[in-house]
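Structure record follows, encoded as structure tokens.
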Amino acid sequence: MEEIDRRILTLLAEDGRMSFTDLGKATGLSTSAVHQRVKRLEGRGLIKSYAAVLDYDLVGLPLTAFISIRPIDPSQPDDSPERLRHLTEIESCWSVAGDESYILKVRVGSPADLEDLLARIRTAANVSTRTTIVLSTPYEGRPVG
């Protein structure tokens, strides 16, 4: 990948709403050249989507936790992601190596909401859980640079 494309990706990761004109100023390219490069990066799948970064405290979801899950019966099908897809509190689901099968990132409003979610996860996927509650987030979603 060309260095200029990497720079464009870094800039867009920091501010997905940056205009083609501003991208051009930051990279030394014309607006039309930046537009063509961004469209090419999108077409190649390097840019998957653009998203708003929310303030979860203001949205009413101040509690973030990571929940590691593993099947109670390892002989059963490995379909936990599908069984849990309907739980909207789950922001991310990663398949991992190690003692657990998956790690879930969840956002909820309160400890009671987390307790309820844990019960629903255990029931829906027939798994055991291990939970880590986030105390603070010094940084998240840092752009690749």
**Prompt:** At what distance, to the nearest 0.5 angstrom, does CD of Glu42 lie from OG of Ser49?
**Reply:** 10.0 Å

**Item:** Contact list for residues 103-112, test side-chain hydrogen bond (donor to acceptor under 3.5 Å, both in side chains), sequence neighbours left out
**Value:** Thr64-Arg107, Glu91-Lys105, Glu91-Arg107, Lys105-Glu140, Arg107-Glu140, Ser110-Asp113

**Request:** Decide side-chain contact (heavy atoms from CB on, under 4.5 Å) for Ser80 and Val127; before the verdict, give the C-alpha distance in whole Å, the side-chain angles of both, and the deciding distance to 0.1 Å.
**Result:** CA-CA 8 Å; Ser80 293; Val127 294; 3.7 Å; yes

**Message:** Check whether Asp79 reaches the backbone of Glu82 with its side chain - one donor and one acceptor, N or O, closer than 3.5 Å.
**Reply:** no

**Asked** In Å and rounded to the nearest 0.5 Å, what is the CZ to CG distance from Arg6 to Leu11?
**Response** 13.0 Å

**Request:** Drop me the distance from Thr10's OG1 to Asp15's CG, to the nearest 0.5 angstrom.
**Result:** 13.0 Å

**Asked** If you count the non-hydrogen atoms of other residues, nucleotides and ligands that lie under 6.0 Å from CZ in Arg120, is the total more than 12?
**Response** yes

**Complete:** In this structure, OG of Ser68 is separated from CD1 of Ile103 (nearest 0.5 Å) by 4.5 Å

**Prompt:** Hey, are the side chains of Pro111 and Leu63 touching, using non-hydrogen atoms and a 4.5 Å cut-off?
**Reply:** yes

**Asked** Would Trp94 and Ile69 show up in the same hydrophobic cluster when neighbours are defined by side-chain heavy atoms closer than 4.5 Å?
**Response** no

**Message:** Tell me whether Glu14 at atom CD has more than 12 heavy atoms from other residues, nucleotides or ligands lying less than 6.0 Å away.
**Reply:** yes

**Message:** Leu12 vs Leu41, test: side-chain contact (heavy atoms from CB on, under 4.5 Å). Steps then yes/no.
**Reply:** CA-CA 11 Å; Leu12 286 174; Leu41 292 168; 5.9 Å; no

**Item:** Trace of the side-chain contact (heavy atoms from CB on, under 4.5 Å) decision for Leu114 with Ile133
**Value:** CA-CA 10 Å; Leu114 179 59; Ile133 295 175; 3.9 Å; yes

**Asked** Linking Ile, Leu, Val, Met, Phe, Trp and Tyr by side-chain heavy atoms under 4.5 Å, what else ends up with Val59?
**Response** Leu54, Tyr56, Leu61

**Request:** Taking all non-hydrogen atoms of both residues into account, name the closest pair between Ser136 and Pro138 and its distance.
**Result:** O-CD, 3.6 Å

